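The figures that follow rest on heavy atoms only: side chains count, while hydrogens, waters and symmetry mates do not. Computed from a predicted model, the values in this text were never measured in an experiment.
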Amino acid sequence: MKIPIFLFNGLLEAGKTAFISYMLTKPVFADGQNTLVLMCEEGIEEYDKEQFKKNHISLVSIDEETDLTDELMQSLNEKYNPQRVIIEYNGMWDVSKLFDLNYPKDWFLYEIMTLVNGETFNLYLNNMRGIMMEQFKCADLVIFNRVDEKMNLAQFRGNVKAVNNRAKLFICTEDFKLEPVKEELPYDVNADKIEISEEHYGIWYIDMWERPQRYTNKRIKVSGLFFQEPSDPKDRFSFGRFAMPCCEDDISLMGVYCHNIGKPRFHNGDSITVEAEIKYERAEVYNREIGPILYVKRIEKAEKNQENLVMFN
């Protein structure tokens with residue numbers, strides 16, 4: 001019998017305990033099977049231990065990151081004989097440690113969920129960006145709670161998608177219902193010519209890669225930086241802007257390959273504005289995978305320098 005592990009990650013006051021407590025009351029979990037909950041962080045919320053006893057749920061506290069060992073997992077398996085395992089992980093611990101453990105036979109990581117408190121998202125993003133991004137990178141689901149209509153969901157989505165395109169994003173309501181994060185674009189994707197402002201470059205770039213059906217054969221006007229390698233044909237170049245998805249050591253180019261009419265008269269790092277038609281083709285620069293290619297119709301020097309890092313606003 002396979003034993004699924006449900007991993008819940010997130011920083012302090014992300015709402016992990018409350019969400020897990022609710023989930024454990026649902027019939028799919030309150031089914032009489034042995035459930036083992038490993039609690040690696042004590043927050044404001046507490047589990048209902050009496051309810052746990054009624055539903056065959058065992059709660060084990062793990063106080064130190066160093067306690068997470070192969071031997072501990074083996075001993076827990078022998079003692080509790082679980083049919084499922086739930087880990088409420090400490091958001092300040094290295095999540096990669098869980099991927100390196102040798103779990104008991106038939107245990108496997110089934111789903112990884114990262115919970116985020118919308119009220120503290122920007123605070124943690126500014127002060128613990130690297131930790132948050134590591135949690136987003138491995139998540140199957142990212143669940144935002146304590147969200148109101150004033151919050152910038154496009155910013156939330158952009159920062160997650162910058163490091164993990166496959167993650168599904170949800171809002172958790174006060175009664176624990178999950179609603180998909182709406183994909184509201186800050187520009188008109190149906191316009192004859194889609195014009196991308198500087199602050200929306202990151203949102204456009206991620207969406208263009210994720211949803212080629214929206215952009216195939218569409219006309220675009222966007223500004224960024226010019227780069228051409230010595231190995232590029234004279235009418236080919238790369239175009240993009242730099243972003244810091246994780247930390248200062250992780251700055252990378254959010255770029256796209258371009259076909260130009262004739263030889264462009266620019267130098268590497270020049271700020272340019274292009275008008276182009278977007279197509280999706282296999283290319284060497286994408287490791288022979290299909291990706292967006294800008295077929296440039298017009299190219300000129302940008303009115304504003306494009307060296308600022310991409311922000312997901």
Side-chain angles (χ1 to χ4, degrees), residues 7-20 40-45 88-95 112-174 176-187 196-207 209-210 241-254 304 306-313:
L7 170 59
F8 290 83
N9 204 3
L11 294 169
L12 190 64
E13 297 186 14
K16 299 188 294 291
T17 303
F19 189 87
I20 293 170
C40 303
E41 179 180 65
E42 289 194 34
I44 297 175
E45 295 280 342
E88 181 185 352
Y89 203 56
N90 188 316
M92 298 302 295
W93 293 358
D94 183 3
V95 68
I112 302 173
M113 288 159 275
T114 295
L115 277 83
V116 181
N117 181 344
E119 295 173 346
T120 59
F121 177 84
N122 284 315
L123 175 66
Y124 285 142
L125 186 67
N126 292 331
N127 294 282
M128 300 182 183
R129 187 181 188 91
I131 295 174
M132 286 190 75
M133 293 302 164
E134 288 302 315
Q135 295 177 4
F136 292 155
K137 281 180 182 178
C138 64
D140 299 306
L141 305 180
V142 177
I143 301 169
F144 294 95
N145 58 43
R146 301 174 197 171
V147 172
D148 61 41
E149 64 278 359
K150 297 179 181 178
M151 294 178 183
N152 190 342
L153 293 182
Q155 179 198 21
F156 292 0
R157 182 178 182 274
N159 279 281
V160 175
K161 292 293 185 175
V163 295
N164 184 352
N165 265 339
R166 64 178 179 79
K168 296 180 180 178
L169 278 62
F170 293 91
I171 293 171
C172 182
T173 64
E174 290 184 359
F176 297 101
K177 291 181 180 178
L178 294 184
E179 300 175 353
V181 173
K182 294 180 180 179
E183 300 171 15
E184 296 181 358
L185 297 173
Y187 49 83
I196 306 300
S197 62
E198 181 180 1
E199 63 269 28
H200 298 146
Y201 181 94
I203 293 172
W204 164 72
Y205 182 83
I206 290 171
D207 200 56
W209 275 94
E210 271 196 317
R241 289 180 57 200
F242 287 100
M244 187 175 64
C246 184
C247 56
E248 291 184 2
D249 295 331
D250 193 34
I251 294 176
S252 57
L253 180 69
M254 299 182 79
K304 185 178 178 182
Q306 297 295 306
E307 292 182 351
N308 290 337
L309 291 178
V310 170
M311 305 301 290
F312 298 94
N313 298 321

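Ring orientation note: the planes of Phe156 and Phe121 are tilted relative to one another, at an angle of 30° to 60°.
Between the Asn126 side chain and the Asn122 main chain, a donor and an acceptor come within less than 3.5 Å of each other. In this structure a side-chain-to-backbone donor-acceptor pair under 3.5 Å is missing from Asn145 to Glu174. With Gln306 contributing its side chain and Lys304 its backbone, the two residues share a donor-acceptor pair below 3.5 Å.
Within the structure, salt bridge (Lys or Arg N to Asp or Glu O under 4.0 Å) contacts touching residues 143-152 (residues at least two apart or in different chains) do not occur. Each salt bridge (Lys or Arg N to Asp or Glu O under 4.0 Å) pair with one or both residues in residues 134-145, not counting sequence neighbours, appears once here: Glu134-Lys137, Asp140-Arg166.
Applying the side chain to side chain contact (heavy atoms under 4.5 Å, CB included) criterion to Glu179, with sequence neighbours excluded, gives Thr173. For Leu253, the side chain to side chain contact (heavy atoms under 4.5 Å, CB included) partners are Phe227, Phe242, not counting sequence neighbours. Judged as a side chain to side chain contact (heavy atoms under 4.5 Å, CB included), and not counting sequence neighbours, the contacts of Asn165 are Lys161, Ile206, Glu210. For Tyr187, there are no ring-ring contact (aromatic ring centres under 6.0 Å, His included) partners at least two apart in sequence or on another chain. Partners of Glu45 according to the side-chain hydrogen bond (donor to acceptor under 3.5 Å, both in side chains) rule, which considers only residues two or more places apart in sequence or in another chain, do not exist here. Taking Phe136 as the reference, nothing meets the ring-ring contact (aromatic ring centres under 6.0 Å, His included) condition, with sequence neighbours excluded. Remark: Glu13 pairs with no residue by the side-chain hydrogen bond (donor to acceptor under 3.5 Å, both in side chains) rule, at least two apart or across chains. Scanning for side-chain hydrogen bond (donor to acceptor under 3.5 Å, both in side chains) contacts around Glu88 gives Thr17, Tyr47, with sequence neighbours left out. Scanning for side-chain hydrogen bond (donor to acceptor under 3.5 Å, both in side chains) contacts around Asn117 gives an empty result, with sequence neighbours left out. Glu41 pairs by the side chain to side chain contact (heavy atoms under 4.5 Å, CB included) definition with Leu12, Lys16, Asn90, not counting sequence neighbours.
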Check step by step if side chain to side chain contact (heavy atoms under 4.5 Å, CB included) holds for Val147 and Glu119. CA-CA 7 Å; Val147 172; Glu119 295 173 346; over 6 Å; no
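Here the side chains of His200 and Leu185 are not in contact, with every heavy-atom distance at 4.5 Å or above. Between Met133 and Asn159 there is a side-chain heavy-atom pair separated by less than 4.5 Å. Put simply, the side chain of Met113 does not reach to within 4.5 Å of the side chain of Asn9, judged on heavy atoms. In this structure, the side chains of Val116 and Thr114 come closer than 4.5 Å at one or more pairs of heavy atoms. In this structure the side chain of Phe170 never reaches within 4.5 angstrom of the side chain of Val142, judged on heavy atoms. Inter-residue side-chain proximity for Arg241 and Asn308 is flagged as met; some heavy-atom pair is nearer than 4.5 Å. Side-chain contact check for Phe19 versus Ile143: some heavy-atom pair is nearer than 4.5 Å.
Atom-to-atom distance recorded for Ile131:CD1 and Trp93:CH2 is 13.5 Å, nearest 0.5 angstrom. Considering CG of Leu141 and CG of Leu7, their distance stands at 11.0 Å, rounded to 0.5 Å. Atom-to-atom distance recorded for Gln155:CD and Glu199:CD is 13.0 Å, nearest 0.5 angstrom.
The minimum heavy-atom distance linking Ile203 with Pro186 is given by the pair CG2-CD, 4.0 Å. Taking all atoms of both residues into account, the shortest heavy-atom contact from Ala243 to Leu309 is N-CD2, 4.2 Å. Between Ala167 and Val160, the shortest heavy-atom contact is CB-CG1, 4.2 Å. Closest of all the heavy-atom pairs between Val95 and Tyr89 is CA-CE2, 3.6 Å.
Judged purely by distance below 3.5 Å, without hydrogens or angles, the side chains of Trp209 and Tyr205 pair a donor atom with an acceptor atom.
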